[in-house]
Amino acid sequence: MRLVFSNADEETIDRYRDLLPRAAASWAARRPGAPVSRRALGAVAGYKLGEAVCGGDGLVARWTPADVRELLGHWVPTREALPATDSRAVPGALRTWWAFLVERGWLDPRSAPVTDFEQALLDAAPHHASPPAGVACCETDPAARGGTAGVAASVGGGAEPAPPAAAPRRGLGFAAVAAAVRRGRDAPLPASPPTVRGRHGRSLPPAALPTARELADAVAAAPVCAGRPGDRPRPAPDDALERWWSRFTGVRRSAAGRLLGAEPTACGPEQEPAADALIAAVLTALSLGRERGAAASLAPRMAAHLFGSPVAAPPATGAAAVEPSASAAGIIAAAHPLLDELAELGALVRVPDPVSGAQRHAVLTPLGWWLWFALLTCGGVRPITRAELMAEDAEVLIDRAAGGDPFGERELRQWIEARGPAAALPDLVEVYRRSDDCVHRTLVKTVTSSYALQARAGYESLRTDPAFGGRARSWLFDAGFAKHTALHPQDHLDPLLDGLAASLRTGTYGRTEAETEGGGDALCGVSEQRLPAVFDTAAASGHPEAPFVLRWFSRHHPDLRIRAAARSALARHRARARPRR
C-alpha cells in the first residue's frame, strides 16, 4: 500500500480516496465486533490525503495530536458532508485506522505515542467514551471498538469553527529573531503553524537554512549594511540587524504602495501583508529553480502567476486587498523593482545564465532562503527544510521524485548518499515490496539498479516472497545476479506492466530518454513490436494495472493494429473477470 501522497496528482488522490478506506474496512470486517462506518473511514483517509492548503500533509501513516484536533475540529465539520451517525463514528474509525496501520507494520515511527492520540481524542471530542480500561487504541484488536456506542457521540456539535479564509497572519517577529541571533541560537526561525494546513508545503523546494551565526553574518554582509568597500567600517551585529530590518520595512511599504497605487508613506502595517504576498511570490519564483534561480526578466511574470496562491502569504483584507486576477500587469510592474531591492538586502544575487551565459539569472542566497521560509511559514504554509528532507523516510523521497519535480530524482540520490547506500537501499527495497503504486515501484526498481551491489541482499531475501518474489527474481536477473533458469515463467510480467503503466500515468510513454531527462521509454522497457504479445499475457494476468494499460492502448495508440490488439485483449480480460452464472 502506498502511504505518502504529498506530491501526488489529483487523479491519484481520487483513486486512493476510495482505496484506503475500502482496505481498512475490509480489514476491520474480518475482526470481531461491530462494523466500522465506511464513510467515517473515508473522512479519516480524506483528511490525511488533504488538499493544497487544507487538511493533512499527505502522510497517511504519520499522525500527531494536531492531526486529531484538525480532523475532528475543522475537517469533519467543514469538509465532510456526513450524516450525524457517521460523524459520531469518526473517533472510532480513527482508532480503527491506527490499528490497521499498526497490524500491517505501517504506522510511521515518527507518529506520536498512542497515549497522546487518546488525549487528543478526549480533548477534541470530550463527550465520547474512552476505550475499555487497559486496552490501547492501536493494539491489533481494536476494530471491535470502532462502532461501539461509546464513541458514537457528536463530533461536529461542539467543534470550534473553521478559521476564516483570510485569517490574520502573525508577523515575522524579527525582534525576537534578532535577539536569538545575538544569543547565538541555532534556529532563528518562525514557529510552525499550530495545526496542519494541507500538503502544499511538502511539495515546495526544500529550504537550505542558515544557522544563527550564518544568518547574522549574512545580514552584516548585505549591501544595505556593509555598503561599498572602503565606505565605512562594517557595523556591529546589533546595528546591522536594525539597519537591515529598517530597510526591509521600507521595501515592504514601497511594494505595498506600488500594488495599491499609494505613496509608501501612506502605507502602514495594515498594508504590509499584501507586500509580503508579493515578496513571497518573487522569492518562490526564484526558489523553484534552486541554485539556478530564474531569469531576471521572467521572475516578475512568474511572481504574478504565483501571487495570491498558497505559495504566497494571503493578501490583506478590506481596503488593502489586491485582486491578482484583475491586476496582473500591476503585479508584474510592482515585482520588477523588488529584484533590485532584494539584492540590496542580500536576499539574492545576479549571475550569468548557466546555459547561455548571456541573460542574467536571479538566485537566492542563504539569507533569501531564510526570508522565503519565514514569509511562507508566517503565512500558514510551512516548507520542508533541507535538513528535514535528508532525515526523511524513503517513501517521502520517492514521492517527491515521482511527482514530476525535475529536481526530485537528484534529491533522492542525494538522500541515498547522505544516509549511506548500505542503510538507504534496504529501505527503498521495502518501499518497492509494500507499495501498490506502479510509478513508485518502477522508480525504486530503476534507482536501486544504480546501486546493485548494495541492493542485492534486500532482493535476495525476498526471492521466495509470495507476493513480491517475481519482482525480486526479475530484478536479480536483470542486475546479473541470477541465471535465466532461476526465473519463473511470468516473473518479468509484473515489473514490465508496472513500467508500462507508469509511463502512461506520467505521460512519458513514446518519448525518448533525452526528452524526459532519464525517463521515457526506459520506464516501460518494451518495444512496440512486442506490445500485442504483452497484451495477450496481460489479459490473462491478475495485475491490477492490466485493465488500465489495455484500455489506454485500445483508445489512444496511433497504430490501428495495436489498438485492435488491445481491444481484443481487454475483451478477454473482462470475460475472465466476469463471474460465472
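Hydrogens, waters and symmetry mates play no part in the numbers below; they use all other heavy atoms, side chains included.
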Colleague: Measure the spacing between CG of L389 and CD1 of I384 and express it to the nearest 0.5 Å.
Modeller: 5.0 Å
Colleague: State whether the side chain of E430 and the backbone N or O of D427 hold a donor-acceptor pair below 3.5 Å, judged by distance alone.
Modeller: no
Colleague: Yes or no on side-chain contact (heavy atoms from CB on, under 4.5 Å) for V282 and M302, after CA distance, side-chain angles and deciding distance?
Modeller: CA-CA 7 Å; V282 170; M302 296 171 64; over 6 Å; no
Colleague: Using a distance-only test with no angle check, is there a side-chain donor-acceptor pair under 3.5 angstrom linking D108 and S111?
Modeller: no
Colleague: Does the side chain of V351 reach to within under 4.5 Å of the side chain of R292, using non-hydrogen atoms?
Modeller: no
Colleague: Is it true that the side chains of R386 and Q414 contain a donor and an acceptor less than 3.5 Å apart?
Modeller: yes
Colleague: Does the plane of the ring in H557 sit parallel, tilted or perpendicular to the ring in W552? Use 30° and 60° as the thresholds.
Modeller: perpendicular
Colleague: Could you go through D437 and M1, starting from their C-alpha distance and side-chain angles, then the distance that decides it, and tell me whether this counts as side-chain contact (heavy atoms from CB on, under 4.5 Å)?
Modeller: CA-CA 7 Å; D437 185 281; M1 182 73 72; over 6 Å; no
Colleague: So that I can tick it off, tell me whether R505 and E545 are bridged by a salt bridge, with the cut-off set at under 4.0 angstrom between side-chain N and carboxylate O.
Modeller: yes
Colleague: Give, for atom CG of L367 and atom CH2 of W372, the distance between the pair rounded to the nearest 0.5 Å.
Modeller: 14.5 Å
Colleague: May I ask you to check whether F553 and Y509 place their ring centres under 6.0 Å from each other?
Modeller: yes
Colleague: When you look at E388 and R110, which way does the salt bridge (Lys or Arg N to Asp or Glu O under 4.0 Å) test go after all the steps?
Modeller: CA-CA 12 Å; E388 289 169 342; R110 297 167 187 252; over 6 Å; no
Colleague: For a quick test of reading the model, state the closest non-hydrogen atom pair linking A275 to A256 and the distance between them.
Modeller: CB-N, 3.7 Å
Colleague: Decide, yes or no, whether a salt bridge links E344 with R243 under the criterion of side-chain N to carboxylate O below 4.0 Å.
Modeller: no
Colleague: Would a 4.5 Å heavy-atom cut-off, applied to side chains only, mark V447 and I416 as touching?
Modeller: yes
Colleague: When rounded to the nearest 0.5 angstrom, what distance separates CG in L3 from CD in E395?
Modeller: 5.0 Å
Colleague: I would like to know whether E291 and R410 meet salt bridge (Lys or Arg N to Asp or Glu O under 4.0 Å); could you show each step before the answer?
Modeller: CA-CA 13 Å; E291 70 273 8; R410 187 182 66 176; 2.8 Å; yes
Colleague: Evaluate the side-chain proximity of R17 to L20: yes if any heavy-atom separation is below 4.5 Å, no if none is.
Modeller: no
Colleague: Got a salt bridge between R413 and E417, using NZ or NE/NH1/NH2 to carboxylate O under 4.0 Å?
Modeller: no
Colleague: Give the C-alpha distance, both sets of side-chain angles, the deciding distance and a yes or no for salt bridge (Lys or Arg N to Asp or Glu O under 4.0 Å) between R62 and E392.
Modeller: CA-CA 12 Å; R62 185 179 301 176; E392 264 293 358; 2.9 Å; yes
Colleague: Examine distances only and state if a side-chain atom of T442 and a backbone atom of V439 form a donor-acceptor pair shorter than 3.5 Å.
Modeller: no
Colleague: T249: which residues meet the side-chain contact (heavy atoms from CB on, under 4.5 Å) condition with it, sequence neighbours left out?
Modeller: W245, R253, E272
Colleague: Kindly give the heavy-atom pair with the smallest separation between A207 and F373, and that separation in Å.
Modeller: CB-CD1, 4.0 Å
Colleague: Got a donor-acceptor contact below 3.5 angstrom from the R400 side chain to the L204 backbone?
Modeller: yes
Colleague: I need the minimum non-hydrogen distance between L286 and A299, along with the two atoms involved.
Modeller: CD2-CB, 3.9 Å
Colleague: What distance separates H440 NE2 from T12 OG1, expressed to the nearest 0.5 Å?
Modeller: 8.0 Å
Colleague: Salt bridge between D405 and R290, side-chain N to carboxylate O under 4.0 Å?
Modeller: yes
Colleague: Looking at every non-hydrogen atom in both residues, tell me the closest pair between E411 and P206 and how far apart they are.
Modeller: OE2-CD, 3.2 Å
Colleague: V60 and Y47: side-chain contact (heavy atoms from CB on, under 4.5 Å), yes or no, with the steps?
Modeller: CA-CA 9 Å; V60 299; Y47 160 74; over 6 Å; no
Colleague: To the nearest 0.5 angstrom, please state how far the SG atom of C438 sits from the CZ atom of R2.
Modeller: 9.5 Å
Colleague: Determine whether the aromatic ring centres of W244 and F248 lie less than 6.0 Å apart.
Modeller: yes
Colleague: R441 and side chain to side chain contact (heavy atoms under 4.5 Å, CB included): which partner among T446, I398, D498?
Modeller: D498
Colleague: Does a side-chain heavy-atom distance below 4.5 Å link L59 with D393?
Modeller: no
Colleague: Look at R202 together with D399 and state whether they make a salt bridge at an N to O cut-off of under 4.0 Å.
Modeller: no
Colleague: Mind checking whether L364 and L371 have side chains closer than 4.5 Å, heavy atoms only?
Modeller: no
Colleague: Looking only at non-hydrogen atoms, find the nearest pair between W75 and C54 and report the distance.
Modeller: CZ3-SG, 3.8 Å
Colleague: Any luck finding a side-chain donor-acceptor pair between W369 and S287 under 3.5 Å?
Modeller: no
Colleague: Is there side-chain contact between I279 and R252, with at least one heavy-atom pair below 4.5 Å?
Modeller: yes
Colleague: Quick one: list whatever passes side chain to side chain donor-acceptor pair (under 3.5 Å) with S203, sequence neighbours left out.
Modeller: none
Colleague: Sequence neighbours excluded, which residues qualify as salt bridge (charged side-chain N to carboxylate O under 4.0 Å, His left out) partners of R79?
Modeller: E51
Colleague: With salt bridge (Lys or Arg N to Asp or Glu O under 4.0 Å) as the criterion, how do R350 and D340 come out once you've worked through the C-alpha distance, each side chain's angles and the decisive distance to 0.1 Å?
Modeller: CA-CA 10 Å; R350 296 176 186 269; D340 292 333; 2.7 Å; yes
Colleague: Does T377 reach the side chain of P383, with side-chain heavy atoms less than 4.5 Å apart?
Modeller: yes
Colleague: Measuring only between side-chain heavy atoms, which start at C-beta, is V44 closer than 4.5 Å to W63?
Modeller: yes
Colleague: Please confirm whether K445 makes a cation-pi placement over W475, using NZ or CZ under 6.0 Å from the six-membered ring centre and within 45° of the ring normal.
Modeller: no
Colleague: Looking at M390 and R419, what are the two nearest heavy atoms and their distance?
Modeller: O-NH2, 4.1 Å
Colleague: If I take atom CD from residue E70 and atom CG from residue D67, how far apart are they, to the nearest 0.5 angstrom?
Modeller: 8.0 Å
